[in-house]
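Report on one structure; see the data block that follows.
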Amino acid sequence: MATYFVTGATGFLGAHLVDALLAAGHQVIALVRQPHPPLTQKGVHTVLGDILDIESVRAALRTLSAPFDGLFHAAGKVSRDPDDTLAMTRMNHHGTRNTLKAAKEAGIPRVVHLSTSGTVAIREKPSPLPNETSPTPLKLLGRLPYYRSKLYAEEDALRMNTPDFAVVSLNPSLLLGPGDITGASTKEVRLFLEEKIPALPSGGLSFVDVRDVADIAVSAIEKARPGQRYLLGGANMTFADFFGRLERVSGIKAPTLPMPKDALLSDLSHRLFKRASEALGHKIHVLDSEIDQSRYFWYLDDTRARKELDFKTREPMQTLYDTVQDLRTRGIVWPTDDTPSLDTNAWQDDLLSASWLRQIQGKTAP
């Protein structure tokens, strides 16, 4: 049994990570900004602190008389709203620097930094597929505050890697699955179920089950090569295919009107649609920044993680089914009398095509 320190334990990925660590028989000490009974009920020892306050992190790391066996840094702020740029820079970049500096001072030997595939795996075209060594898409990241802040954090984290302080970065694509309390990761699925997606974006995405990422993080702290990043994906697919699969699972019709591929035309059509809808008293639930992001391709090649870490993922259709079921079960999306019931066989019927979509090395999904 090892003892691990975890930041971000109350978040979407962090909560699943805690469950995976406990299931593996490890002891977990979690840094929280306020008391969190669900964690303590699981047997997690919580310590009050804030990654923006390095002294509180240092104090939390003195909870044990002996050094921790490792640290998982999953804390951060996820937002696609440009108005949150400063908050994301402080939380994701400065907070990471504080956490790892305090960890190194405390003699913690290994750190897993939870980053995002968007620090490298975003392109204007679907191929070639980016991997961990691909050039950083600085031009695109300049338009994307969240991913820019995560890039700065990741670079700082990996620069701190030394022989006595092993740092690795895990870079998952869009996280889906049950338990997204804040709704930041599963927003597209929620809007789809509420029939608030106005048109089909021209780009493509990659998504992965949050439970699969949590599981591999537990083994990565021992198996991953220090100083390296590992992309983690479950499937690459166009937005049209993504919404088509959600339609199969949920029974909700997918949008059919395609958005223009040209950036200027796409922006213009979105603004015209937005003005017309607002004039009719309807609210548009998709941010301009989200329209911008949906034109890109977020495909990735995660061969390194599959070979070196034995990273395995469940079928993508099962992830979509579990995500939809969770949103409905928790009342985030409230079914009406005419809402179709979930197709429990949808993901099982699609195993062959879903498996093919995962075989991404040197290919792109349709």
Side-chain angles (χ1 to χ4, degrees), residues 1-9 11 13-14 16-32 39 43-76 92-116 119 132 150 152-172 213-232 304-305 307-311:
M1 180 185 76
T3 300
Y4 292 116
F5 190 83
V6 178
T7 70
L13 175 55
H16 284 283
L17 172 60
V18 166
D19 289 344
L21 287 168
L22 294 175
H26 300 304
Q27 181 181 7
V28 177
I29 312 296
L31 182 74
V32 294
L39 281 176
V44 175
H45 179 68
T46 59
V47 183
L48 294 180
D50 190 329
I51 62 173
L52 294 179
D53 177 5
I54 192 171
E55 290 304 326
S56 72
V57 180
R58 287 170 172 152
L61 290 172
R62 292 194 291 267
T63 301
L64 298 183
S65 56
F68 290 89
D69 295 293
L71 180 147
F72 293 87
H73 180 51
N92 299 338
H93 185 200
H94 301 164
T96 295
R97 189 167 51 199
N98 286 343
T99 302
L100 268 65
K101 182 179 180 181
K104 190 167 189 174
E105 293 171 352
I108 293 178
R110 298 184 68 87
V111 171
V112 170
H113 170 61
L114 280 307
S115 186
T116 170
T119 60
E132 291 83 356
K150 294 295 286 186
Y152 295 155
E154 182 182 311
E155 289 178 338
D156 269 6
L158 292 178
R159 272 196 294 265
M160 294 185 71
N161 176 68
T162 58
D164 60 345
F165 187 66
V167 180
V168 298
S169 177
L170 297 186
N171 298 58
V213 175
D215 287 342
I216 200 62
V218 175
S219 59
I221 200 164
E222 294 294 338
K223 294 173 62 176
R225 286 186 292 139
Q228 300 298 312
R229 57 154 58 130
Y230 292 84
L231 288 169
L232 306 173
R304 173 183 285 180
K307 286 185 175 180
E308 296 185 15
L309 306 181
D310 195 27
F311 177 54

To the nearest 0.5 Å, what is the distance between CG (L231) and OG1 (T116)? 9.0 Å
In terms of heavy-atom contacts, does NZ of K104 have more than 12 from other residues, nucleotides or ligands at under 6.0 Å? yes
Considering all heavy atoms of both residues, which atom of I54 and which atom of A102 are nearest to each other, and what is their separation? CG1-CB, 4.3 Å
L31 side, atom CG; I29 side, atom CD1 - distance, nearest 0.5 Å: 11.0 Å
Between T96 and D156, is a side-chain contact (heavy atoms from CB on, under 4.5 Å) present by the stated rule, with each step listed? CA-CA 8 Å; T96 295; D156 269 6; 5.5 Å; no
Closest contact, heavy atoms only, D215 versus A20: OD1-CB, 3.7 Å
Sub-3.5 Å donor-acceptor pair from the side chain of K223 to the main-chain atoms of L309, do we have one? yes
Are the side chains of T63 and F5 in contact, using a 4.5 Å heavy-atom criterion? no
Would you call H26 and V218 a side-chain contact if the rule is heavy atoms closer than 4.5 Å? yes
How many angstroms lie between atom CZ of R58 and atom CG of D53, to the nearest 0.5 angstrom? 9.5 Å
Are L61 and I108 close enough that some pair of their side-chain heavy atoms sits under 4.5 Å apart? yes
Ignoring hydrogens, what is the shortest heavy-atom contact between S169 and S115? Give both atom names and the distance. OG-CB, 3.4 Å
How close do V168 and A224 get, counting heavy atoms only, and between which atoms? CG1-CB, 3.7 Å
Taking atom types as modelled, find out whether T119 and N171 have a side-chain donor-acceptor pair closer than 3.5 angstrom. yes
Distance, nearest 0.5 Å, that separates NE2 of H16 from CG of L21: 13.0 Å
For Y4, is there any backbone N or O sitting under 3.5 Å from a side-chain donor or acceptor partner on D69? no
Enter the distance from L114:CG to E154:CD here, rounded to the nearest 0.5 Å. 11.0 Å
Are any of the side-chain heavy atoms of R304 and Q228 separated by less than 4.5 Å? yes
Close side-chain approach of I216 and L232, heavy atoms under 4.5 Å: yes
Tell me whether N92 contacts the main-chain N or O of G76 through its side chain, where contact means a donor paired with an acceptor under 3.5 Å. no
Which heavy atom in P67 sits nearest to a heavy atom in A106, and how many Å separate them? CB-O, 4.0 Å
Would you say that V32 contacts V47 through its side chain, given a criterion of any heavy-atom pair below 4.5 Å between the two side chains? no
Do Y230 and R225 come within less than 4.5 Å of each other through their side chains, counting heavy atoms only? yes
Given 3.5 Å as the limit, does a donor-acceptor pair link the side chain of Q27 with the main chain of M1, or not? no
Does T99 use its side chain to pair, donor to acceptor, with the backbone of I51 at less than 3.5 Å? no
Nearest 0.5 angstrom please: L71 CG to R110 CZ, how far? 12.5 Å
Heavy-atom count around F165 CZ within 6.0 Å, excluding the residue itself: above 12? yes
Quick check: closest heavy atoms across N161 and P226, and the distance to 0.1 Å? OD1-CB, 3.4 Å
For the residue pair H113 and H73, does the interplanar ring angle fall in the parallel (under 30°), tilted (30 to 60°) or perpendicular (over 60°) class? parallel
